[in-house]
Amino acid sequence: MRGQSAKERKYYFFDYLFWLGEMAWWHYKGEPNRPKGESMLMLCIMIFIYEPIFFTTAHFLYGSPVFEWFTVAMIAGSVAILHCIWRGWIYPFSRRKAVMQHYEGRRFSPSRCYFFVFSLGFLLIAEAYLLPSTLMRISGNKAEIEKTQVEVPQRWKDYLPLHFKVGARQEIPHEILQRLINQDGRTVRYGQPVYIMQVRTTKGDMSREFRARLLNHATIDEIQDGRRTFVECTWVKGYTTDSIRVLLTGWYEVGNAGLCPVDSLEWTEDMEF
């Protein structure tokens with residue numbers, strides 16, 4: 001019965017990767033920073049299970065408290081899986097022994113081993129870029145607008161005064177979002193906004209009087225749970241006789257057809273909110 005069971009056992013690509021990792025560990029006599037069977041298995045789990053789940057969830061839940069707890073759970077889960085692999089609860093020792101016997105006699109090639117290691121590493125990095133982009137294309141422009149939150153200043157000299165005045169986050173506009181904003185004839189003549197951001201209650205945006213006008217169009221709960229999504233843009237409109245900048249802030253609601261202007265406010269840097 002044992003011979004029959006061993007004969008019927010099927011072997012897969014991850015079995016071959018495990019064998020490569022174990023042979024590399026043996027070949028280099030246990031030198032540190034060398035591939036090992038467990039590390040090859042963990043790399044496969046990250047590529048084919050963890051990354052797809054994480055980025056798909058991030059696409060739909062990013063910015064919500066649920067996603068923060070999900071991230072913590074994913075980190076704890078990865079540690080638990082690594083522990084289970086090491087203890088043999090995942091990929092048991094009996095299968096490891098059968099895999100080593102199955103590939104016994106096959107010549108080990110270090111170059112082939114590192115080809116697979118670097119290929120899997122490249123796939124891990126490429127997936128982190130390609131999967132979010134693919135999800136954006138599938139779900140349409142709304143997802144692309146929501147993913148433009150990149151907290152990197154465009155121009156510090158314009159960003160810092162606004163930051164201290166209204167607590168604004170500086171975010172680089174995505175070209176699709178910029179194109180939608182430019183369709184508004186009232187603001188296109190002012191060029192690229194000084195800053196652009198999505199209004200979020202989790203960031204404390206609605207705690208200031210500056211954005212209280214949005215409550216004429218939606219409730220706090222609607223903004224918080226994502227039923228109503230608003231984008232805020234500010235342009236430098238000009239200067240007063242005292243060389244104080246005149247700013248124009250516009251709020252747009254994100255809809256299936258694009259952006260819809262809902263409100264605007266003209267203000268100067270010397271105003272307090």
Side-chain angles (χ1 to χ4, degrees), residues 10-25 32-87 89-92 95-96 99 103 109-152 169 171-179 198 200 202 226 229 254:
K10 295 182 180 180
Y11 299 94
Y12 303 96
F13 179 63
F14 60 84
D15 293 315
Y16 178 69
L17 292 177
F18 175 81
W19 176 79
L20 281 178
E22 290 295 292
M23 292 300 293
W25 183 257
N33 301 323
R34 298 295 183 178
K36 199 174 181 182
E38 286 88 351
S39 60
M40 299 291 273
L41 291 176
M42 194 62 190
L43 195 56
C44 289
I45 291 174
M46 293 296 294
I47 293 172
F48 299 108
I49 299 177
Y50 255 67
E51 273 203 336
I53 293 176
F54 179 79
F55 285 110
T56 302
T57 305
H59 178 75
F60 294 102
L61 297 180
Y62 180 76
S64 68
V66 176
F67 178 70
E68 296 176 3
W69 285 105
F70 176 79
T71 303
V72 174
M74 289 289 286
I75 295 173
S78 63
V79 175
I81 288 178
L82 187 60
H83 177 73
C84 291
I85 292 176
W86 180 71
R87 295 295 297 270
W89 298 336
I90 297 178
Y91 204 77
R95 184 171 185 87
R96 302 183 191 195
V99 168
Y103 290 105
S109 171
S111 59
R112 183 183 303 154
C113 175
Y114 279 101
F115 169 78
F116 281 108
V117 169
F118 289 117
S119 296
L120 290 173
F122 174 78
L123 183 60
L124 184 71
I125 297 172
E127 191 175 34
Y129 287 93
L130 295 178
L131 187 58
S133 300
T134 302
L135 289 170
M136 290 178 191
R137 294 180 180 275
I138 292 175
S139 59
N141 289 340
K142 181 177 180 180
E144 297 219 35
I145 292 171
E146 293 176 344
K147 294 294 284 185
T148 59
Q149 315 309 316
V150 183
E151 307 214 2
V152 178
R169 299 185 307 279
E171 296 163 356
I172 299 174
H174 191 281
E175 59 176 302
I176 294 180
L177 180 58
Q178 180 68 59
R179 191 161 58 245
Q198 179 181 331
R200 298 179 184 174
T202 55
T229 304
V254 180

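- Here Glu22 contributes atom CD and Glu38 contributes atom CD; the two are 5.5 Å apart, rounded to the nearest 0.5 Å.
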>> Quick one, Val99 with Arg95, criterion side chain to side chain contact (heavy atoms under 4.5 Å, CB included). Give me CA distance, side-chain angles, the key distance, then yes/no.
In response: CA-CA 6 Å; Val99 168; Arg95 184 171 185 87; 4.2 Å; yes
> Asp15 and Tyr12: side chain to side chain contact (heavy atoms under 4.5 Å, CB included), yes or no, with the steps?
Replying inline: CA-CA 5 Å; Asp15 293 315; Tyr12 303 96; 3.8 Å; yes
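- With values rounded to the nearest 0.5 angstrom, Thr134 atom OG1 is found 10.0 Å from Glu127 atom CD.
- When the options Tyr91, Phe116, Phe13 are evaluated for a ring pair (Phe, Tyr, Trp, His ring centres under 6.0 Å) with Phe18, the one that passes is Tyr91.
- Between Tyr103 and Tyr16, the ring centre distance stays below 6.0 Å.
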> Under the side chain to side chain contact (heavy atoms under 4.5 Å, CB included) criterion, do Leu124 and Leu120 qualify, and how do the steps go?
Replying inline: CA-CA 6 Å; Leu124 184 71; Leu120 290 173; over 6 Å; no
Can you list, pair by pair, the side-chain donor-acceptor contacts under 3.5 Å of residues 40-58, counting residues two or more places apart and other chains?
residue : atom : partner : partner atom : Å
Tyr50   : OH   : Met74   : O            : 3.4
Tyr50   : OH   : Gly77   : O            : 3.3
Tyr50   : OH   : Ser78   : N            : 2.8
Thr56   : OG1  : Pro52   : O            : 2.6
Thr57   : OG1  : Ile53   : O            : 2.8

